[in-house]
Amino acid sequence: MRMRTVEISVGAFVLAGALSLVFLAVKVSGVSLGQSSSSYVLIARFDDVSGLRARSKVSLAGVTIGRVAAIEVDMAYGEAVVRLEIDGEPGQLTLDTGAQILTEGILGARYVNLLPGADEDTLGDGDYIEDTQGALILENLVGDLITRLGAS
Amino acid sequence: MDLLRTLGDRTLERLSGLGRASIMWGHAVWGLPTLRELPLVIRQIYNFGVLSIVIIILSGFSIGAVISLQFYTQLSRFGAEDAVGLGLALVLLRELGPVMTGLLFAGRAGSAVTAEIGLMKTTEQLSSMEMMGVDPLRRIVTPRLWAGVISMPLLAAMFNVVAIYGGLIVAVQWLGGDEGGYWSGMQENVEIWNDLGKGVVKTVIFALLVTWIAVFQGYDTDPTPEGIGLATTRTVVTSSVMILAVDFILTLSMYGEF
Amino acid sequence: MSERAADVTVEDNLIEIRDLVFKRGDRLIFDGLSMTVPKGRVTALMGPSGCGKTTLLRIVGGQLKPDSGTVLVRGEDVGKLKRADLLELRKDIGMLFQSSALFTDLSVFENVAFPIREHTRLPEDTIRDLVLMKLNAVGLRGARDLMPGQLSGGMSRRVALARAIALDPCLLMYDEPFTGQDPIAMGVVVTLIKRLNSALEATSLLVSHDVHETAGISDKIYIIDDGKVVAGGQSQDLETHESARVRQFFTGSPDGPVPFHYPADKLEYDFLGDVGL
């Protein structure tokens with residue numbers, strides 16, 4: 001009888017521990033379970049993506065609609081190639097949709113913001129976003145400002 | 001000259017201690033528990049894990065709450081309250097979860113193991129096992145080692161979950177932060193392998209370390225009541241220092257690239 | 001000595017110890033000790049506290065290695081056996097420890113079942129029958145479900161005895177079986193040792209400093225002192241031994257060759273020292 005309570009409580013302990021691990025994976029690390037089926041990929045080229053990372057969010061009008069799947073570099077053009085994973089089915093975003101890299105707050109994380117367009121055609125799976133604007137680098141802005149002040 | 005000799009003697013003594021401990025370690029790791037020994041492992045998971053839950057939950061909650069409070073007050077000066085969840089999650093998963101669980105584990109389970117084995121030695125239970133032709137290492141050490149390796153990551157996971165909720169209560173309910181930002185900040189930036197996975201690796205290493213030290217100290221006890229007391233203290237001190245030192249090395253090698 | 005004449009061939013001695021030397025640190029515990037334990041008899045080893053009696057049992061069981069000399073058990077040199085052979089040999093040795101050494105986390109039944117479970121693959125009901133038989137032999141069949149913490153000192157020693165005989169060993173070793181027992185429990189242990197030895201056709205080696213009880217059940221007694229055997233024979237021979245030291249030990253007189261006082265300066269120095277100087 002004593003052994004039985006031990007076994008039951010150990011079983012409960014292991015279960016609770018395993019659930020905690022799952023919780024950490026899903027709720028904290030944001031691993032999605034079986035949602036990958038309904039999403040498609042858009043590709044955008046930026047001249048500078050500093051601060052953007054895989055799993056950063058992609059938003060439209062302030063609403064998260066996907067995340068950054070991967071960031072690669074194109075050595076030939078000196079550009080960053082960012083693959084965006086957008087939730088849902090293709091056929092919603094217009095062909096002239098723009099993408100810019102913004103910052104949450106002053107010191108917050110970088111994310112990709114999509115700007116809605118007006119074209120009749122829409123982007124399909126694997127299409128490129130043409131109109132892009134890279135990350136604003138604080139140091140560069142400050143540097144520009146100083147040179148301009150010096151010139152005038 | 002005398003000083004030199006004492007120094008040499010001390011070094012040799014340390015070396016032989018390390019040697020004995022390593023041999024024991026080898027024997028124990030070699031012995032994967034068989035199905036017949038499963039009840040022994042379950043019994044030890046009960047001692048290590050189930051009996052540590054209360055202390056883990058209490059300390060997890062308070063640590064999560066305290067860190068969240070500090071992060072929130074500092075980060076709100078830059079308007080970055082949403083980073084509280086992220087900062088807390090990273091600190092917990094990478095460092096505090098494994099380290100704190102390791103320290104609590106050493107104090108709660110490690111000392112108990114040393115005292116238990118020390119007592120078994122004092123009352124000749126280990127000798128009598130040997131005289132029955134049963135290897136006490138297999139019987140005593142192996143189940144505890146495996147129970148430690150199984151319990152520690154689970155305890156650390158519970159610690160982290162409770163701490164994250166403790167942080168949530170302080171940052172959101174009490175200080176009025178945004179709950180969505182708390183969670184989404186984590187989900188966007190915490191990586192499953194780099195943060196959660198490496199943290200779990202740390203807990204496994206700490207579990208091996210603490211169990212090893214605890215079992216060895218118990219096994220190597222001077223078989224007297226004072227001997228057991230000393231050995232228990234040594235277990236807690238040695239494992240705590242070792243956890244902190246090893247954590248430093250692990251952090252450097254895991255996250256040192258940047 | 002009389003035992004020289006009675007000295008017999010290896011086959012009749014279960015244990016033969018020749019010129020055993022054993023050191024613990026710098027302290028010499030045994031310095032050329034030789035003795036034999038004849039098969040089927042109860043042999044006792046006596047001597048003052050701290051003379052290494054328990055150590056000798058551990059050497060015979062192979063837990064400690066002698067520095068030189070040979071210890072033959074069943075003709076095998078224990079000090080040179082490989083680990084596996086040693087474990088094999090120990091299955092044939094039952095040992096009763098001074099502190100009983102029952103496993104505190106197992107019930108009485110499981111304690112006695114422990115060596116059987118570890119060394120055999122018998123079905124559960126056979127194990128049950130065996131364990132109950134052994135417990136019955138020590139009169140504790142009814143205590144099978146108790147935990148060691150609930151037993152009195154005498155009872156736990158009997159359980160330990162049941163456990164020691166669980167695998168029907170050919171050699172039984174008893175480490176101070178009479179110490180710390182009330183007179184009734186002591187009487188029970190004495191009877192049990194005698195009865196078990198004949199029932200199992202085993203050989204017993206017994207270490208004790210309780211002269212009276214030991215003399216009552218032993219066929220042969222060795223007295224060791226200063227790492228050597230100083231006398232050996234039957235108890236009647238020892239009471240009238242030529243050595244005053246042996247006689248003092250046997251009669252238990254407080255002063256004699258083993259002095260009552262720890263070596264010290266003369267009484268006068270301690271009490272009148274500063275006056276005198």
Side-chain angles (χ1 to χ4, degrees), chain B residues 9 12-13 16 20 23-24 26-27 30-31 33-48 51 112-113 115-144 147 218-219 221-225 227-228, chain C residues 54-55 57-64 73 78 81 83-106 110-121 124 148-149 153 156-157 159-161 163-167 169 171-176:
Chain B
D9 278 355
L12 282 184
E13 208 172 289
S16 90
R20 269 175 296 157
I23 290 170
M24 191 178 89
H27 273 289
W30 197 248
T34 59
L35 210 59
R36 243 152 66 102
E37 285 156 358
L38 196 66
L40 295 175
V41 180
I42 289 180
R43 177 95 230 171
Q44 292 309 322
I45 295 182
Y46 179 81
N47 287 345
F48 285 10
L51 296 182
V113 165
E116 186 193 13
I117 296 182
L119 198 67
M120 288 177 112
K121 186 174 179 183
T122 314
T123 54
E124 297 176 311
Q125 292 183 45
L126 297 180
S127 275
S128 82
M129 224 176 251
E130 256 179 56
M131 281 304 297
M132 281 179 218
V134 177
D135 186 354
L137 280 178
R138 266 199 78 84
R139 179 83 195 181
I140 308 286
V141 179
T142 313
R144 282 166 179 75
Y219 219 78
T221 306
D222 184 21
T224 58
I228 296 178
Chain C
T54 307
T55 312
L57 292 188
R58 298 206 165 187
I59 292 176
V60 171
Q63 285 186 311
L64 298 171
V73 178
V78 177
L81 280 182
R83 197 177 161 80
D85 296 332
L86 195 58
L87 291 182
E88 199 58 38
L89 173 68
R90 284 178 184 162
K91 289 183 200 172
D92 278 341
I93 301 179
M95 177 148 172
L96 182 69
F97 284 82
Q98 188 174 353
S99 53
S100 298
L102 294 179
F103 302 132
T104 35
D105 53 341
L106 298 178
E110 286 302 322
N111 258 288
V112 180
F114 182 86
I116 308 177
R117 288 194 205 283
E118 285 294 326
H119 291 306
T120 66
R121 299 257 163 204
E124 192 53 38
S156 43
R157 198 148 303 182
V159 175
L161 192 52
R163 188 180 65 181
I165 59 170
L167 289 172
L171 171 63
L172 278 162
M173 299 202 286
Y174 303 91
D175 186 3
E176 302 281 4

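Within every chain, numbering begins at 1; the chains are lettered A, B, ... in the order of the sequence lines, protein sequences first and strands thereafter.
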Could you pull out all donor-acceptor pairs under 3.5 Å where a side-chain atom in residues 85-95 of chain C meets a protein atom, sequence neighbours excluded?
{"unit_1": "C:Glu88", "atom_1": "OE1", "unit_2": "C:Lys91", "atom_2": "NZ", "d": "3.3"}
{"unit_1": "C:Arg90", "atom_1": "NE", "unit_2": "C:Gly61", "atom_2": "O", "d": "2.9"}
{"unit_1": "C:Arg90", "atom_1": "NH1", "unit_2": "B:Glu130", "atom_2": "O", "d": "3.0"}
{"unit_1": "C:Arg90", "atom_1": "NH2", "unit_2": "C:Gly61", "atom_2": "O", "d": "3.4"}
{"unit_1": "C:Arg90", "atom_1": "NH2", "unit_2": "C:Gly62", "atom_2": "O", "d": "3.2"}
{"unit_1": "C:Asp92", "atom_1": "OD2", "unit_2": "C:Arg74", "atom_2": "NH1", "d": "2.4"}

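Contact annotation: the side chain of B:Arg43 never approaches that of C:Asp105 to less than 4.5 Å [non-hydrogen atoms, C-beta and beyond].
Remark: B:Ser128 pairs with B:Met132, C:Phe97, C:Ala101, C:Phe103, C:Arg163 by the side-chain contact (heavy atoms from CB on, under 4.5 Å) rule, at least two apart or across chains.
B:Glu124 approaches C:Gln98 most closely through the heavy-atom pair OE1-N, 3.5 Å.
C:Leu57 contributes atom CG, which lies 8.0 Å from atom CE of B:Met131 (distance to the nearest 0.5 angstrom).
In this structure, the portion of C:Leu102 lying under 4.5 Å from any heavy atom of chain B is its backbone and not its side chain.
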